[in-house]
Amino acid sequence: MARNKIALIGSGQIGGTLAHLAGLKELGDIVLFDIAEGMPQGKALDLAESSPVDGFDSGLSGTNTYEGIAGSDVVIVTAGVPRKPGMSRDDLLEINLKVMEQVGAGIKKYAPDAFVICITNPLDAMVWALQKFSGLPANKVVGMAGVLDSARFRYFLAEEFKVSVEDVTAFVLGGHGDTMVPLTRYSTVAGVPLTDLVKMGWLTAERLEEIVQRTRDGGAEIVGLLKTGSAFYAPAASAIQMAESYLKDKKRVLPCAAYLDGQYGQKDMYVGVPTVIGENGIERIIEIDLNSDEKAMFDKSVASVNGLVDACKKIQPAL
Ligand code: TXD
């Protein structure tokens, strides 16, 4: 049986980490693509040279042409420019929209059957544009943000409670930005909702709000420390979890930026919602009941994503 083929469009910080993780997990053969000459080839060779040590068999190659991604089963897109300190995700919009146009055309021509995971920021608008530019079915084009945002929330909670990260589940809805909606009553420690943990005296409501806010600012916290780019280890790990669920038909329930066609009262937009990822891509969008506070936060987040999508339409009227 032939191995799966995984194409990484953009071989920078996240792209390189994705290649490493995909290799270590033997998810398939890996092609790194970038416009920078030699860089994807160099990373591919370096990673290939680590494979005898770590004991994994994955073909690793680098390319600067879209032919190289032909027939890919999964395409993960990080191409574009990351944030510098002081920049918002939205500042990236104009530059990265042009990049999505090129990437979408490449995927349309060479990998029309792939499951496409977009990571490039501003995420919800870029994945929306990438789906349009590529013309792939909406269930096969998805954005990665919720897994990362939930992972940050889980980590902060596990630290706070001094329990294993494995026993903390978290639920984050909405756009990947300052308006994301961490849902405390659906986030748990071993099944006990955070709202109950407040009643049990594990933490105060104020402390919980601080952790929620740190989660919202999680990306900026890393940008502020790194100074030369944005987070890459946790974003890569998150996208690999999504790719793995597709390739192995695991049907994981994961929060992703998915195409809404009436769900949550929204049409023709991408925003973070709970989904099921299996062999058919996004197989289901789970619609949960939101109370009035949560609904208000979700609507605010949707409005902010819609603002970015409108900005895309202004720059590129064909969309
Ligand atoms: O949760 C999330 N979705 C995110 C998103 C979390 C963290 C970072 N997030 C975003 O991912 C970030 O704001 C960026 O938009 C992307 C990629 O971040 P990364 O840290 O990997 O950026 P790098 O290291 O700059 O890599 C980007 C690469 C770089 O090598 C460029 O040469 C290449 O993209 N690039 C291109 N490749 C192909 N085609 C085109 N047109 C192109 N332009 C730049």
Side-chain angles (χ1 to χ4, degrees), residues 1-12 14-23 25-35 40 44 58-80 96 99-120 123-124 126-147 235-252 254 256-259 270 275-285:
M1 206 168 66
R3 287 187 201 150
N4 289 316
K5 178 168 174 178
I6 299 152
L8 308 173
I9 313 283
S11 305
I14 301 180
T17 313
L18 286 167
H20 199 190
L21 291 174
K25 287 176 173 270
E26 287 191 329
L27 292 186
D29 290 339
I30 299 149
V31 178
L32 291 120
F33 172 100
D34 206 285
I35 47 168
S58 289
L60 276 145
S61 58
T63 181
N64 302 112
T65 59
Y66 277 101
E67 283 93 325
I69 72 159
S72 295
D73 300 285
V74 168
V75 175
I76 309 182
V77 179
T78 60
N96 287 350
V99 174
M100 290 306 107
E101 188 168 5
Q102 297 164 13
V103 174
I107 294 174
K108 184 181 209 157
K109 185 155 181 204
Y110 292 105
D113 297 321
F115 180 56
V116 178
I117 302 171
C118 180
I119 302 186
T120 302
L123 191 268
D124 306 85
M126 290 303 106
V127 63
W128 174 85
L130 184 64
Q131 191 272 326
K132 303 270 181 230
F133 286 135
S134 69
L136 264 60
N139 63 310
K140 298 292 284 293
V141 181
V142 63
M144 188 294 293
V147 176
S238 304
I240 288 293
Q241 187 169 66
M242 293 163 65
E244 194 171 19
S245 189
Y246 171 76
L247 290 169
K248 297 184 179 169
D249 191 25
K250 282 174 74 81
K251 305 202 191 293
R252 293 289 314 265
L254 299 172
C256 301
Y259 184 82
Y270 273 83
T275 67
V276 176
I277 298 182
E279 62 180 342
N280 298 310
I282 296 293
E283 297 187 346
R284 199 199 300 178
I285 289 171

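Computed from a prediction, not measured in an experiment: that's the story for all the values here. Below, each value reflects all heavy atoms present in this structure, side chains not excepted, and no hydrogens, waters or symmetry copies.
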List the steps, then state whether side chain to side chain contact (heavy atoms under 4.5 Å, CB included) holds for L27 with E244.
-> CA-CA 7 Å; L27 292 186; E244 194 171 19; 4.0 Å; yes

Below 4.5 Å, heavy atoms only, C-beta onward: do [X] and [Y] meet side chain to side chain?
X    : Y    : result
Y259 : K140 : no
I107 : L136 : yes
I6   : L247 : yes
V75  : I9   : yes
D249 : K251 : yes
V141 : W128 : no
K109 : Y66  : no
S72  : V31  : no

Begin from the C-alpha positions of I30 and L8 and carry the test side chain to side chain contact (heavy atoms under 4.5 Å, CB included) through to its verdict.
-> CA-CA 7 Å; I30 299 149; L8 308 173; 3.7 Å; yes

Minimum heavy-atom separation for [X] to [Y], with atom names?
X    : Y    : answer
V103 : A79  : CG2-CB, 4.1 Å
D29  : G59  : OD1-N, 2.7 Å
A239 : I76  : CB-CG2, 4.3 Å
F33  : S11  : O-OG, 2.8 Å
V127 : G143 : CG2-N, 3.6 Å
Y270 : V142 : CE2-CA, 4.3 Å

Any donor and acceptor pair, going by atom type alone, linking the side chain of S245 with main-chain N or O of I277 inside 3.5 Å?
-> yes

Roughly how far apart are S61 OG and K5 NZ, rounded to 0.5 Å?
-> 7.0 Å

Distance, nearest 0.5 Å, that separates CG of N280 from CZ of F115 = 10.5 Å

Side chain to side chain contact (heavy atoms under 4.5 Å, CB included) between L130 and V77: does it pass, once the steps are laid out?
-> CA-CA 9 Å; L130 184 64; V77 179; 3.9 Å; yes

Side chain to side chain contact (heavy atoms under 4.5 Å, CB included) assessment of M100 paired with C118 = CA-CA 10 Å; M100 290 306 107; C118 180; 4.3 Å; yes

